[in-house]
There are 2 protein chains.
Amino acid sequence: MANRIDEIDATILELLQERGRMKRSAVAEVVGLSVSAVSERMRKLEDRGVLESYHAVVDPKRLHFDITAIIRVSVDGSEHYPAFVEQASSMDEVLELHSITGDGSHVMKVRTKNTTTLERFLSRVQGISGVSSTSTSIVLSTFKETRALPTEPMDLFEYDEDDA
Amino acid sequence: MANRIDEIDATILELLQERGRMKRSAVAEVVGLSVSAVSERMRKLEDRGVLESYHAVVDPKRLHFDITAIIRVSVDGSEHYPAFVEQASSMDEVLELHSITGDGSHVMKVRTKNTTTLERFLSRVQGISGVSSTSTSIVLSTFKETRALPTEPMDLFEYDEDDA
DNA sequence: GCTGAAAAGCGGCTGGC
DNA sequence: GCCAGCCGCTTTTCAGC
């Protein structure tokens, strides 16, 4: 029942979080196993849902996405939440959307090209029904931005996909 | 001087943001070019710094990272900023660190395993010199979490790496 | 900047431990 | 769970347009 991430799995996860297109042969060399052993471990990590996905990251500045903002949104009445979440999630500018404790009901991370497009975006958000206020913080500098989690040997437990 | 992302480059970026380990041959099939043409475009996008990196994403829940928090930090006196940024960036729990406008001087996205580890993390942050207050919002649900930017044909301009 | 072909490298599979 | 070997597929390189 309780599956396990051992030292080697932890290293594989670390390598792939850092270099998502790393070749199996290169991984094998680092961890000191054969390519087929690494392949099987990667396949199992994917099957178990530990390795969730792989993505390329594009440099926002090169594509002229010069504004990053953290926006707190207050949605009044939880009956408005589902429609708000659906509409906000579908907007390309919204990179992250979470419901939170504390001031406001939701927080979003947003990227747009400039202040004009940000302003238009904010208007659209404020137009969603239930949204009573927004509070925008513009990002001045980004010092760290990753999704990499620290990995160490540990037990895993079965986990129902539908809960995710 | 002004380089360009055409329709095909935009499609390649879109595909790779979505599926970071997609094979060149599969990309070639979608965009209707030969494998070598796609390879060369990918290489150039990497060289130009548009394709910045590739990463695997690990499911935090499977690794028992059950707490995500957005923490606003007030660092008093900008002379404390560099040391704060350096120390905070080096913490594994910190996935994102930005300086911002508005309340507080910085905001962090943090993942920890449970409330106990979150509490210990907050103590450490509050112990960094210059930190006068923190305000923590716990994430209840995450509805969207990506770094994918919308891609469309556009001109690129030269860009000094050192500015990044 | 693209194609197509040849050579090299990689990944999936099987059998054995 | 791991390894080695085989074989098909993918990637790289290069000549030619």
Side-chain angles (χ1 to χ4, degrees), chain A residues 1-59 62-63 151-159, chain B residues 1-59 62-63 151-159:
Chain A
M1 170 83 196
N3 229 319
R4 192 166 165 76
I5 299 281
D6 64 10
E7 190 71 56
I8 291 177
D9 286 334
T11 304
I12 292 174
L13 292 175
E14 199 178 320
L15 291 168
L16 291 173
Q17 287 187 105
E18 183 65 27
R19 288 181 45 197
R21 280 183 85 92
M22 198 170 176
K23 299 196 181 306
R24 286 155 160 80
S25 51
V27 174
E29 200 165 342
V30 175
V31 302
L33 289 184
S34 70
V35 175
S36 16
V38 168
S39 268
E40 193 172 342
R41 279 168 177 268
M42 282 176 59
R43 190 184 52 70
K44 283 182 183 166
L45 288 167
E46 287 161 7
D47 288 350
R48 284 188 270 170
V50 177
L51 269 173
E52 189 178 280
S53 54
Y54 300 89
H55 304 282
V57 173
V58 167
D59 183 350
R62 310 251 175 197
L63 298 195
T151 54
E152 50 183 17
M154 72 181 81
D155 288 322
L156 298 183
F157 299 90
E158 290 305 329
Y159 186 95
Chain B
M1 172 83 199
N3 229 320
R4 195 169 163 75
I5 300 282
D6 65 10
E7 191 73 57
I8 291 177
D9 285 335
T11 305
I12 292 174
L13 292 175
E14 199 177 322
L15 292 167
L16 290 173
Q17 287 186 103
E18 184 65 27
R19 288 182 43 197
R21 280 182 84 92
M22 197 169 175
K23 296 192 186 308
R24 285 155 163 78
S25 50
V27 174
E29 201 165 341
V30 175
V31 302
L33 288 184
S34 68
V35 175
S36 16
V38 168
S39 265
E40 194 171 342
R41 279 168 177 267
M42 282 175 59
R43 191 184 52 70
K44 284 183 183 166
L45 289 167
E46 288 161 6
D47 289 349
R48 285 188 271 171
V50 177
L51 269 173
E52 191 178 279
S53 53
Y54 301 90
H55 304 282
V57 173
V58 167
D59 183 351
R62 309 251 175 198
L63 298 195
T151 55
E152 50 183 15
M154 73 180 82
D155 288 321
L156 298 183
F157 298 90
E158 290 305 330
Y159 186 95

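Below, read A as the first sequence line, B as the second, and so on, with proteins coming before strands; counting in each chain starts at 1. As a basis for the values below, the full set of heavy atoms in this structure was taken, side chains included, without hydrogen atoms, waters or symmetry mates.
Closest approach of B:D155 to B:R4, counting heavy atoms only: OD1-NH1, 3.0 Å. Residues B:M22 and B:L15 approach most closely at SD-CB, 3.9 Å, considering heavy atoms. The shortest heavy-atom contact between A:M42 and A:L51 is O-CD1, 4.2 Å.
Remark: C1' of D:dG1 and CG of A:L33 are 9 Å apart, rounded to the nearest angstrom. Separating the CE atom of B:M42 from the P atom of D:dT12 is a distance of 8 Å, rounded to the nearest angstrom. The CZ-P distance, from B:R43 to D:dT12, rounds to 10 Å in whole Å. We find that CD1 of A:I12 is positioned 9 Å from P of D:dC2, with the value rounded to whole Å. Distance A:I8 CD1 to D:dC3 P: 8 Å, rounded to the nearest Å.
From the 5' end on, the contacts that DNA chain C makes with chain B at under 4.0 Å to a non-hydrogen atom open and close at C:dG1 to C:dG4.
Along DNA chain D, the nucleotide nearest to A:R41 and the one nearest to A:K23 differ in position, and the one closer to the 5' end is contacted by A:R41. Residues B:K44 and B:R21 both approach DNA chain C. Their nearest nucleotides, taken by heavy-atom distance, put B:K44 toward the 5′ side.
The side chain of A:S36 places no N or O atom within less than 4.0 Å of a non-bridging phosphate oxygen (OP1 or OP2) of D:dC3. In terms of phosphate contacts, B:S25 brings a side-chain nitrogen or oxygen within less than 4.0 Å of OP1 or OP2 of D:dT11.
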Please assess B:D6 against B:R41 for the test salt bridge (Lys or Arg N to Asp or Glu O under 4.0 Å), listing each intermediate value before the final yes or no. CA-CA 11 Å; B:D6 65 10; B:R41 279 168 177 267; 3.0 Å; yes

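The environment of B:R21 atom CZ is dense: over 12 non-hydrogen atoms of other residues, nucleotides or ligands sit within 6.0 angstrom.
One side chain, B:Y54 or B:E46, offers a donor N or O that lies under 3.5 Å from an acceptor on the other.
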